[in-house]
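Working notes, structure below.
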Protein chains: 2
Amino acid sequence: MSQRNTGVTVQAVNAHACPVREVLDRVSGKWSVQILVAAAHGPIRFTELERSIEGISRRMLTLTLRNLERDGLVTRTVYPTVPPKVEYELTTAARELHETLQRLTDWAERNRVYIAESRAAYDTEHQPELVDA
Amino acid sequence: MSQRNTGVTVQAVNAHACPVREVLDRVSGKWSVQILVAAAHGPIRFTELERSIEGISRRMLTLTLRNLERDGLVTRTVYPTVPPKVEYELTTAARELHETLQRLTDWAERNRVYIAESRAAYDTEHQPELVDA
DNA sequence: CCGAATCCGTGGCGATACTG
DNA sequence: CAGTATCGCCACGGATTCGG
């Protein structure tokens, strides 16, 4: 729909080039991963997510969930009870993604110290402005 | 601590919690991954990177390289020749990261169609604004 | 050839308030 | 309980210009 997309905004241009970017774009959000992790154990309710994630706002929780749902990574189930109840659950694709992300976690933990030291070293040499003056 | 933590800006709060975020934060940049990929084959010069990446500006190439260098992911070697020559090379840590990222690529390629369809389906149901008015 | 410095637009995200 | 709507900040990144 809508032939006149004046913007095209990356997507078509970039998407084909590198599939990694595609993944990263949808995981690089500030909260996406934490939601995936929090929901990894099984179906979880909105408020439970909100409390288990610490620091997330209602707004961002909603937005991120919507995006994940849109990408087919979570399913949203509404129970029309008296106090509304909504459960979110990871799809198969998301669970596979979650596993893959754990490889990254491993890497991060193995290299965390190394990176920290690298930074420290770099910052020491390249003193911000030390204008010895 | 922190008398006036008007912002605190993530970091201290988030860093410890999830190592994945740490990785993502330094890979989520628009160009980081592409640089890692481009430099995966071996040492590569600044201008070579600039041309092989397509669409990157000099500024972003420099900035991203600096960050990667700071994190100990690339080494920067300057040859004080007449026309300056600078080569960038991945460190061991970066090469391991690069491998890990390929798992993500695999996932992306396996689920690319699924995601596209999910999006299409979602966008069809949740008609943007169809305000039938 | 390899950068650094400046200006500026875009959008991700937080804070707050309102709804069914 | 589970959202939606509105606002405003600011980091990311693009364009351009200057320098060794």
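Just so it is clear: chains get the letters A, B, ... in the order the sequence lines come, proteins before strands, and each one is counted from 1. Computed from a prediction, not measured in an experiment: that's the story for all the values here.
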Of all heavy-atom pairs between Ala38(A) and Leu49(A), which one has the smallest distance, and what is that distance?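 Looks like CB-CD2, 3.7 Å.
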What one should report as the nearest heavy-atom pair of Arg95(A) and Leu90(A) is NH1-O, 3.1 Å
[N] [atom2] sits how many Å from [X] [atom1], rounded?
X: Ile56(B); N: dA15(D); atom1: CD1; atom2: C1'; result: 14 Å
X: Leu63(B); N: dA11(D); atom1: CG; atom2: P; result: 14 Å
X: Asp25(A); N: dG12(C); atom1: CG; atom2: P; result: 10 Å
X: Leu24(A); N: dC12(D); atom1: CG; atom2: P; result: 16 Å
X: Glu50(A); N: dA15(C); atom1: CD; atom2: P; result: 13 Å
X: Leu61(A); N: dA5(D); atom1: CG; atom2: P; result: 16 Å
X: Phe46(A); N: dT19(C); atom1: CZ; atom2: P; result: 18 Å
X: Asn67(B); N: dA4(C); atom1: CG; atom2: P; result: 12 Å

With the side chain counted from C-beta on, respond yes when [X] and [Y] share a heavy-atom pair under 4.5 Å apart, and no when they do not.
X: Glu22(B); Y: Arg112(A); answer: yes
X: Leu104(B); Y: Leu104(A); answer: yes
X: Tyr114(B); Y: Ser118(B); answer: yes
X: Leu97(B); Y: Asn111(A); answer: no
X: Ile35(B); Y: Tyr88(B); answer: no

Taking the side chain from Thr105(A) and the backbone from Leu101(A), do they hold a donor-acceptor pair closer than 3.5 Å?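 Confirmed, Thr105(A) side chain pairs with Leu101(A) backbone.
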Flag yes if more than 12 heavy atoms outside Arg103(A) fall under 6.0 Å of its CZ atom; otherwise flag no. no
Within 6.0 angstrom of Glu54(B) CD, more than 12 heavy atoms from elsewhere: no
For nucleotides 5-9 of chain C, give me every protein contact, N/O to N/O, under 3.5 Å, one pair per line with atom names.
from   : atom 1 : to       : atom 2 : distance (Å)
dT6(C) : O4     : Arg59(B) : NH1    : 3.4

Minimum-distance nucleotide to Met60(A) side chain [options: dG14(D), dG3(D), dG14(C)]: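 For Met60(A), the side-chain atoms sit closest to dG14(C).
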Nucleotide of dC1(D), dG14(C), dT4(D) approaching Thr62(A) most closely (side-chain heavy atoms): dT4(D)
May I ask you to list the residues of residues 77-90 of chain A, by number, that have any heavy atom positioned under 4.0 Å from an atom of DNA chain D? Pro84(A), Lys85(A), Val86(A), Tyr88(A)
With rounding to the nearest 0.5 angstrom, report the CG to OG distance, Asp25(B) to Ser32(B).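 Spacing of CG (Asp25(B)) from OG (Ser32(B)) equals 10.5 Å.
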Find the distance between OG (Ser52(A)) and CZ (Arg45(A)) and round it off to the nearest 0.5 Å.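 Reported value, rounded in 0.5 Å steps: 13.0 Å.
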Taking Watson-Crick and G-U wobble pairs with both distances under 3.5 Å, convert DNA chain C into its dot-bracket string, 5' to 3', dots for unpaired and | for cross-strand pairs. ||||||||||||||||||||
Would you classify Arg58(B) as touching base, sugar-phosphate or nothing, given that sugar-phosphate means primed atoms plus P, OP1 and OP2, and contacts are heavy atoms under 4.0 Å?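 Base, at least one base atom sits under 4.0 Å.
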Under 4.0 angstrom between Arg76(A) side-chain N/O and dG3(D) OP1 or OP2: yes
